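Just so it is clear, the values below take in all heavy atoms, side chains as well, and ignore hydrogens, waters and symmetry mates. None of the values given here were measured: they were computed from a predicted structure.
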Amino acid sequence: MSTNKSTRISIWAAKRLFDLFGAIIGLLILMPVLPLVAIAIKTTSKGPVFYKQLRVGKSTPEKMVFFEIIKFRTMYEDAESRSGAVWATENDPRITPVGRFLRKTRLDEIPQLFNVIRGDMSLIGPRPERPSFYSKLENAIPYFADRTYGVMLESQGLHK
């Protein structure tokens, strides 16, 4: 079923407003927790409070857009310097004790709300993956990449 351009733009605008409203409300509600998390990270391990990581954002079969996701740091500084990019495992020695709690409660993901405000990602949609994992998942899971191909076009109100 095809929709006209004004309908697609209206859907895009509603989705974007939902993302902005949800992210701002989420940050306002969680604002008192942010300094506590930052203090816990700084007092229990060396390194920055935040961790930035390259992720695959909007994509089509012809184009892949990358962005830096921001999270609270849950691993020791330079945790991947020896192993490279690998999925975390249960009882992973690279994860700090505070980081283990943050991951379990998902508090490490609060800063991603800033990515939502910037328009890098959405509150609802495919999980942005690391580029090195993306190709592995694309090869291992049938139609993995297809789930993101329309995201770029839909987010711009241009999908047919």
Side-chain angles (χ1 to χ4, degrees), residues 15-61 63-155:
K15 185 176 182 333
R16 184 67 185 129
L17 284 173
F18 174 80
D19 283 345
L20 285 170
F21 182 74
I24 290 168
I25 295 299
L27 281 171
L28 289 173
I29 290 169
L30 296 167
M31 195 66 70
V33 176
L34 299 178
L36 301 174
V37 172
I39 291 168
I41 292 169
K42 282 308 268 183
T43 58
T44 59
S45 64
K46 294 179 183 176
V49 169
F50 297 105
Y51 180 73
K52 291 183 180 179
Q53 189 176 68
L54 192 65
R55 296 288 178 108
V56 175
K58 301 168 185 170
S59 67
T60 67
K63 180 180 180 181
M64 196 174 278
V65 177
F66 300 99
F67 72 98
E68 278 193 330
I69 201 167
I70 185 169
K71 299 175 87 168
F72 281 121
R73 185 176 53 80
T74 60
M75 292 188 173
Y76 291 102
E77 193 172 28
D78 297 324
E80 293 186 336
S81 59
R82 291 185 190 159
S83 64
V86 293
W87 278 296
T89 59
E90 193 171 334
N91 299 319
D92 194 321
R94 301 171 302 156
I95 301 173
T96 67
V98 168
R100 198 165 309 284
F101 171 78
L102 294 176
R103 284 177 173 221
K104 192 172 202 158
T105 59
R106 303 287 189 238
L107 291 172
D108 63 318
E109 299 189 8
I110 294 171
Q112 291 178 41
L113 294 172
F114 291 108
N115 288 108
V116 172
I117 290 170
R118 282 196 305 242
D120 295 333
M121 58 188 282
S122 181
L123 289 174
I124 299 172
R127 173 185 167 85
E129 293 291 347
R130 295 173 71 172
S132 59
F133 294 158
Y134 192 90
S135 59
K136 290 176 188 174
L137 292 168
E138 191 173 20
N139 291 329
I141 301 170
Y143 307 107
F144 173 80
D146 292 347
R147 71 191 180 110
T148 62
Y149 286 162
V151 174
M152 182 172 168
L153 299 173
E154 288 169 7
S155 70

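- To the nearest 0.5 angstrom, Gln112 atom CD is 5.5 Å from Lys71 atom NZ.
- Rounding to the nearest 0.5 angstrom, the gap separating the CG atom in Leu107 from the CG atom in Leu36 is 10.0 Å.
- Between Arg118 and Arg16, the closest heavy-atom pair is C-NH2, 3.9 Å.
- Side chains of Phe114 and Asp120 form no contact here, defined as non-hydrogen atoms less than 4.5 Å apart.
- A pairwise comparison of heavy atoms in Val116 and Ala23 identifies CG1-CB, 3.8 Å as the closest pair.
- In this structure, Phe67 places its CZ atom where more than 12 heavy-atom neighbours from other residues, nucleotides or ligands lie under 6.0 Å away.
- Between Ile69 and Met121 the shortest side-chain heavy-atom distance falls below 4.5 Å.
- In this structure a side-chain-to-backbone donor-acceptor pair under 3.5 Å is present from Asp19 to Leu123.
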Worked verdict on Leu20 versus Ile117 for side-chain contact (heavy atoms from CB on, under 4.5 Å) = CA-CA 6 Å; Leu20 285 170; Ile117 290 170; 4.3 Å; yes

Step-by-step side-chain contact (heavy atoms from CB on, under 4.5 Å) determination, Phe50 to Ile41 | CA-CA 9 Å; Phe50 297 105; Ile41 292 169; over 6 Å; no

Ring pair (Phe, Tyr, Trp, His ring centres under 6.0 Å) between Tyr51 and Phe72: does it pass, once the steps are laid out?
-> CA-CA 6 Å; Tyr51 180 73; Phe72 281 121; over 10 Å; no

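- Between Asn115 and Ile70, the shortest heavy-atom distance links the atoms OD1-N, 3.0 Å.
- In this structure, CG on Leu27 lies 8.5 Å from CD1 on Ile110, to the nearest 0.5 angstrom.
- Residues Val49 and Lys42 have side chains in contact (heavy-atom distance under 4.5 Å, counting atoms from C-beta outward).
- Taking CG from Asp108 and CD1 from Ile95, the interatomic distance works out to 9.5 Å, rounded to the nearest 0.5 Å.
- Nearest heavy-atom pair across Arg73 and Leu102 is O-CD1, 4.4 Å.
- In plain terms, the two heavy atoms of Thr43 and Ala40 that are nearest each other are OG1-O, 3.5 Å.
- Contact of the Ser122 side chain with the Lys15 side chain is registered, since non-hydrogen atoms from C-beta on lie closer than 4.5 Å.
- Minimum interatomic distance between Thr96 and Met75 (heavy atoms only, all atoms of both residues): CG2-C, 3.8 Å.
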